[in-house]
Amino acid sequence: MNYLERKQSRVYGYNWENVQNFQARPDDILIATYPKAGTTWVSYILDLLYFGQTERQTSTPIFDRVAFLESTISPMGPGKDLADNLPTSPRLIKTHLPVQFVPKSFWEQNSTIIYVARNAKDNMVSYFHFDRMTRTQPEPGEWSSYIHRFMEGKMVFGSWYDHVNGWWKKKQTHSKLHYMFYEDLSEDTGREIDNLCSFLGLSRSDEEKKRVASGVQFDNMKKDDTTNYSTHCPCDYKSSPFMRKGKVGDWKNHFTVAQSQQCDEDYEKKMKNSTLQFRTEI
Ligand SMILES: Nc1ncnc2c1ncn2[C@@H]1O[C@H](COP(=O)(O)OS(=O)(=O)O)[C@@H](OP(=O)(O)O)[C@H]1O
């Protein structure tokens with residue numbers, strides 16, 4: 001077992017059975033993403049759509065309102081326990097697990113799932129900076145080698161390519177799965193909130209939806225201590241903030257022309273059988 005595998009198994013391994021035996025409920029909402037694809041953004045949208053600005057929302061950090069299922073590092077204890085004890089209905093639960101590792105009770109209970117995907121290049125950049133900042137992930141090393149590790153899928157939650165494709169395939173057979181894109185949210189948050197409401201069967205006034213769209217803007221979430229992760233312990237915010245840039249196309253500030261070409265060629269090979277379409281700029 002190499003360093004990465006040892007670290008993975010220490011953080012997530014011993015928790016495996018607990019997570020696999022998790023008892024989902026029919027009204028649960030599972031927010032599934034590859035790390036750094038917009039999990040917190042969509043979590044906060046759903047949180048506001050369902051619960052509005054209550055006292056709990058303004059005093060409790062987002063990572064205690066939305067349980068990170070497979071995490072063992074939350075200040076509130078294992079994510080599975082947090083999910084078990086969430087007082088809300090629906091319960092909002094987040095996961096980064098590839099589709100084949102999601103606890104089976106979510107399928108048995110026909111729970112609702114919101115998947116968020118982000119283009120590979122921006123996802124990679126965001127993950128790189130997160131790895132620089134967090135103490136729960138392997139050290140990222142140099143950017144030039146990180147790109148290769150990402151392309152090879154040697155990441156804590158496995159290959160980005162398998163992740164986005166696995167969930168995309170699942171969407172074709174699981175009607176309660178809504179597949180969203182970070183780039184669409186960035187382009188028109190209001191439109192994506194409308195789509196979410198239609199999918200979830202939520203009737204919210206135009207005014208309420210506008211309030212949500214404004215509340216979840218990057219600058220608002222960045223200055224809000226309940227959504228910017230500033231109170232989350234295992235991070236070094238001097239290296240990089242959690243709410244870093246929040247942009248589509250920031251990859252252009254990181255990739256050299258040669259790195260971009262190499263990534264595109266590799267992408268073509270890995271995604272050649274996929275009908276998924278990503279935008280790397282808007
Ligand atoms: N409101 C809003 N608007 C635009 N972008 C946003 C928003 N909220 C979070 N973000 C950006 O999402 C990135 C973090 O992704 P996740 O929340 O999935 O991270 S995690 O996996 O839960 O750790 C991270 O992206 P980068 O800035 O590119 O690093 C965040 O800045």
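- Applying the 6.0 Å contact sphere to NZ of K252 captures more than 12 heavy atoms from other residues, nucleotides or ligands.
- In terms of heavy atoms, S111 sits closest to R25 at OG-O, 2.9 Å.
- K171 forms no cation-pi arrangement with Y179, by the criterion of a distance under 6.0 Å to the ring centre and an angle within 45° of the ring axis.
- The closest side-chain donor-acceptor pair between N21 and N18, if any, does not fall under 3.5 angstrom.
- A side-chain N or O of S205 and one of E208 form a donor-acceptor pair less than 3.5 Å apart.
- To the nearest 0.5 angstrom, E70 atom CD is 4.0 Å from L97 atom CG.
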(message) Working note: H148 + Q262, criterion side-chain contact (heavy atoms from CB on, under 4.5 Å); need CA distance, chi angles, decisive distance, verdict.
(response) CA-CA 10 Å; H148 289 279; Q262 202 177 4; 3.2 Å; yes
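- Put simply, the side chain of I114 reaches to within 4.5 Å of the side chain of L46, judged on heavy atoms.
- Side-chain atoms of D224 and M221, non-hydrogen and from C-beta on, never get closer than 4.5 Å to each other.
- No hydrogens or angles considered: a donor-acceptor pair under 3.5 Å links the side chains of S274 and N165.
- Look at E187 and R279 and you find a salt bridge, because one of the NZ, NE, NH1 or NH2 atoms lies within 4.0 Å of a carboxylate O, short of that distance.
- Between D250 and K121, none of the side-chain N atoms (NZ, or NE/NH1/NH2) sits under 4.0 Å from a carboxylate O, so this pair counts as no salt bridge.
- In this structure the side chain of K94 never reaches within 4.5 angstrom of the side chain of L30, judged on heavy atoms.
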(message) Checking R118 against T33 for the side-chain contact (heavy atoms from CB on, under 4.5 Å) test, could you report, in this order, the C-alpha distance in whole Å, the side-chain angles of both residues, the deciding distance, and whether it holds?
(response) CA-CA 9 Å; R118 186 178 193 180; T33 63; over 6 Å; no
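- Under 3.5 Å, the side chains of Y146 and H254 contain no donor-acceptor pair of N or O atoms.
- Between F242 and Y229, the ring planes lie parallel to each other; the angle is under 30°, not in the 30° to 60° tilted range.
- Atoms CZ and OG, on F218 and S186 in that order, are 10.5 Å from each other to the nearest 0.5 Å.
- D28 places none of its side-chain heavy atoms less than 4.5 Å from the side chain of P90.
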(request) Could you check F181 against F278 for ring-ring contact (aromatic ring centres under 6.0 Å, His included), going step by step and ending with a plain yes or no? (result) CA-CA 8 Å; F181 296 90; F278 282 94; 5.4 Å; yes
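- With values rounded to the nearest 0.5 angstrom, T256 atom OG1 is found 9.0 Å from Q261 atom CD.
- Around the NZ atom of K247, the shell of radius 6.0 Å holds no more than 12 heavy atoms that belong to other residues, nucleotides or ligands.
- A cation-pi arrangement is absent between K80 and F22, since the terminal nitrogen or guanidinium carbon is not both under 6.0 Å from the aromatic centre and inside a 45° cone about the axis.
- The local environment of CD in Q100 is crowded, with over 12 non-hydrogen atoms from other residues, nucleotides or ligands closer than 6.0 Å.
- Side-chain contact between W41 and Y182 is present, with heavy atoms from C-beta onward closer than 4.5 Å.
- Taken from CD in Q277 to CH2 in W168, the straight-line distance is 9.0 Å, to the nearest 0.5 Å.
- Exactly one residue among Y127, F150, Y115 makes a ring pair (Phe, Tyr, Trp, His ring centres under 6.0 Å) with H163. That residue is Y115.
- Cation-pi check for K36 over F130 is met; the charged atom lies under 6.0 angstrom from the ring centroid and within 45 degrees of its normal.
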(request) Assess whether side-chain contact (heavy atoms from CB on, under 4.5 Å) is satisfied between W251 and S260, documenting all intermediate values. (result) CA-CA 9 Å; W251 63 269; S260 176; 3.6 Å; yes
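- With a 4.5 Å cut-off on side-chain heavy atoms, L92 and R65 do not count as touching.
- Using modelled atom types, one finds a donor on one side chain and an acceptor on the other under 3.5 Å when comparing S89 with D27.
- Between I93 and V66, every side-chain heavy-atom pair lies at or beyond the 4.5 Å cut-off.
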(request) Decide side-chain contact (heavy atoms from CB on, under 4.5 Å) for T226 and I62; before the verdict, give the C-alpha distance in whole Å, the side-chain angles of both, and the deciding distance to 0.1 Å. (result) CA-CA 6 Å; T226 69; I62 189 89; 5.8 Å; no
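- Taking a 6.0 Å sphere around CD of E152, one finds it holds more than 12 heavy atoms contributed by other residues, nucleotides or ligands.
- Between W107 and V99, the closest heavy-atom pair is CZ2-CG2, 3.9 Å.
- Between the OH atom of Y161 and the NZ atom of K269 there is a distance of 11.0 Å, given to the nearest 0.5 Å.
- Looking only at atom types and distance, the side chain of E183 has a donor-acceptor partner in the side chain of N119 under 3.5 Å away.
- Within 6.0 Å of the CD atom in E207, the count of heavy atoms belonging to other residues, nucleotides or ligands does not exceed 12.
- Between the CG atom of L48 and the OG1 atom of T227 there is a distance of 9.0 Å, given to the nearest 0.5 Å.
- Remark: K270 fails to qualify as a cation-pi partner of W160 under the 6.0 Å distance and 45° angle criteria applied to the six-membered ring.
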